[in-house]
2 protein chains.
Amino acid sequence: MGTPSIKEVAQRAGVSVGTVSNFLNRPGIVAPETRQRVQDSIQALGFVRNEAARHLRAGRSRTVGLVVLDVTNPFFTDLAEGAEALAYEHDTVVMLCNSKTDPVREGHHLDQLEQQRVMGILITPFDSTDPRLTALVDRGTPVVLVDRTADRGLCSVSVDDQLGGRLAGNHLIESGHRRIAFIGGPFTMQQVADRRAGITAVVEEAGGVDLQHHEVDVMGVVEGRAIGEQLAALPARSRPTAAFLANDLLALGFLQGMAVAGLRVPRDMAIVGYDDIDFARAAAVPLSSVRQPAELLGRTAMELLQEEVESAERHRHRQVIFQPDLIVRESSDFQRRR
Amino acid sequence: MGTPSIKEVAQRAGVSVGTVSNFLNRPGIVAPETRQRVQDSIQALGFVRNEAARHLRAGRSRTVGLVVLDVTNPFFTDLAEGAEALAYEHDTVVMLCNSKTDPVREGHHLDQLEQQRVMGILITPFDSTDPRLTALVDRGTPVVLVDRTADRGLCSVSVDDQLGGRLAGNHLIESGHRRIAFIGGPFTMQQVADRRAGITAVVEEAGGVDLQHHEVDVMGVVEGRAIGEQLAALPARSRPTAAFLANDLLALGFLQGMAVAGLRVPRDMAIVGYDDIDFARAAAVPLSSVRQPAELLGRTAMELLQEEVESAERHRHRQVIFQPDLIVRESSDFQRRR
DNA sequence: AGCCCCAATTGAATCGTCTAAATCACCGAC
DNA sequence: GTCGGTGATTTAGACGATTCAATTGGGGCT
């Protein structure tokens, strides 16, 4: 009635279940005409392998969990793309989970993934020091941090966010800006904190530059626009002349806010975003942005995980760190006279 | 060594596996102090239920596959939100799969989901007549079409796309537009075809209106902007004065294209989008859009699926159809004198 | 004392697949 | 004609949780 099992396939083909299993896993050792009979039987019955049984038997699932902060952010889908590409080569499936920057949702997803005994988890955690993560590892589920640097016993793949912040800051300072806004949040998130630390450092080194900080709960277009309108409403004398946003969605929103308020970009307000997502380039005013190699991040994270799974015991955790690049476009391409 | 099983929990608590299972599934029938002992044992060993084993025994998984055309489109994530909310109430997990409007990827996801014996699949298919879908159902995996109307033996949840097209078309015609562009694609996709049919119908009814059609491969911001720049380059005399875009991402891109070309919206070009995603409202020029109840769609689809799974045999497939609403905002709010 | 009943617990069978060891059939060589 | 060998196939447990029929141990009642 339900889906046929290997047993029924065997029966119809007049062989034992072992042979069918061999056909599926080691077709080479099955005699050609037997192979044909089994093949026909599978076809006729519409047999589909039962992954749950395989998994139970193997003790390990063939899926990898990928938990990201925001699936609507192209940065994360590009990242997922990279991870999936490599997973595909390893005959492995990726289960995409959206935590929406909410620790409760994140926890729920982790629970589910652990119950499913996933091969491993790639995660951009809300809080990378969460003890839950190491607990997972202790109980046998490998975890690789993505877009976060691990300090303790974990693999991680990240981009030097401090450097990213410095690149953006230097660029704005060199363009003559003396009042700069940093916008991002929550500040407790490591990436945001690092980017902020980067620009803060160069601002202090430069001297005579005023850096103000604006925190948001979620880094989306809507929030960016709100902050943009808020800043635009300030009198020109005290308003920042440049803004560095901790991701491109914020920056795109911010840009919209400027348009609504009638401020020109970059003349009245220079903008630098982060991630360099595809439509940063396609924005009304093409957006300067700190580029991260999203796809490579995802691919490398999956690589580390596969490595960890395969070499098991003698695995040494690694922290891979990539360098960001500043891509200057029209939104910040304006020399401000002192 | 690996994760402890129910057996080890039982041993440590000095009870049988049956009792541990009872504790997990029907705690009420376990004596209070036994319950405590089992609880302690679980805690001490860090026991985590093995979903694969439950699933194998139950013959049915507790996860539902949700295959969407584009996870970066907020319409689909809102939809996913609705589906997940209801899934949560049914103690069920949603596996989000992104087909990226690519039939090959879609097929791969369907294969994986079937091997996992998911409880059911919610899908916005590339092609709703794909025989693969009915094959799935025949082999025992319930399928609910989302944002598509099923003709044959399937449940579906959709929005009246022809009506949506009519609403947009009427609005533009009544505002005095006589040269209108419809932009979307691929035209083979049912929703796109229906929206186009809707506006085509009202255009024909009105008479004296010129409707031109532009097809795109993928409905994203980048494509919208490209078409926008293309139309903006036409001489004002022959250029359409209004555009109806088959989704909001296209419309947002189109709007950017106008800004780049220096055309004013809505004076030089009126714009109506589709889906009414959150940041249609937040765009530089707030976007008129045909609203679909995304979250409700997702929730209802999951409802139909749960219903189908539970009532099994005596289930009658249903096609739920919602009505769209036109939300008029600044991007089309301009009376054009004839 | 004998009986019954109820609550609590146990034990065994089951789900579908995989694997290692065992069996079988067949062939050629001595 | 027997032995060894090879290649193909079968058999018999696992894997971990669930379920249901069977068992145990008290109480309460007559």
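Numbered from 1 within each chain, the chains take letters A, B, ... in sequence-line order.
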Which whole-number value in Å describes the distance from A/R26 CZ to D/dA8 C1'? 13 Å
Interatomic distance where CD belongs to A/Q115 and P belongs to D/dG16 [whole Å]: 15 Å
Looking at A/R117, does any N or O in its side chain come under 4.0 Å of the phosphate oxygens OP1/OP2 on D/dC15? no
Are B/M95 and B/Q112 close enough that some pair of their side-chain heavy atoms sits under 4.5 Å apart? no
Do B/S61 and B/T63 have side-chain atoms, one donor and one acceptor, less than 3.5 Å apart? yes
Under 4.0 Å from OP1 or OP2 of D/dT9: is there any side-chain N or O of A/T19 that close? no
Taking side chain as C-beta onward, heavy atoms only, is B/V159 less than 4.5 Å from B/L297? yes
Within the 4.0 Å heavy-atom criterion, would you say B/N22 contacts the bases, only the backbone, or no part of the nucleic acid? base
Find out whether B/V71 and B/L96 are in side-chain contact, i.e. whether some heavy atom of one side chain is under 4.5 Å from a heavy atom of the other. yes
In terms of side-chain heavy atoms, does B/T72 have a donor or acceptor partner in A/T77 at a distance below 3.5 Å? no
Using a heavy-atom cut-off of 4.0 Å across all strands, would you classify B/V15 as base, sugar-phosphate, or nothing? sugar-phosphate
Counting the atoms with a prime plus P, OP1 and OP2 as sugar-phosphate, which does A/V20 contact under 4.0 Å by heavy atoms, base, sugar-phosphate, or nothing? nothing
Checking contacts here: which listed nucleotide (D/dT9, C/dT9, D/dT19) is nearest the side-chain heavy atoms of B/I29? C/dT9
Name every residue in residues 39-58 of chain A that has at least one heavy atom under 4.0 Å from any atom of DNA chain D, in order of residue number, or write none if there are no such residues. A/L56, A/R57
Shortest side-chain distance from A/L24, nucleotide among D/dA17, C/dC18, C/dT9: C/dC18
Between B/E33 and A/V17, which has a closest nucleotide on DNA chain C that is more 5'? B/E33
How long is the line joining CZ of B/F23 and P of D/dT19, in whole Å? 16 Å
Do B/E310 and B/L305 have side-chain heavy atoms sitting under 4.5 Å apart? no
Need one value for A/S5: base, sugar-phosphate or nothing, where a base atom within 4.0 Å counts as base even if backbone is also close, heavy atoms only. sugar-phosphate
Over all strands shown, is A/G59 touching base, sugar-phosphate only, or nothing at heavy-atom distances under 4.0 angstrom? nothing
Side chain of B/A31, heavy atoms from C-beta onward: which of D/dT9, C/dA8, D/dA17 has the nearest atom to it? C/dA8
How long is the line joining CZ of B/R37 and C1' of C/dA8, in whole Å? 12 Å
Taking atom P of D/dT11 as reference, at what distance in whole Å does atom CD1 of A/I6 sit? 14 Å
Spacing between A/Q11 atom CD and C/dT17 atom P, to the nearest angstrom: 14 Å
Report the distance from atom CG of B/N25 to atom P of D/dA17, rounded to the nearest whole Å. 11 Å
Please give, in whole Å, the distance from D/dT18 P to B/K7 NZ? 15 Å
Check whether any side-chain heavy atom of A/V137 sits under 4.5 Å from a side-chain heavy atom of A/T141, and report yes or no. no
Are A/D40 and A/Q36 linked by a side-chain donor-acceptor pair shorter than 3.5 Å? yes
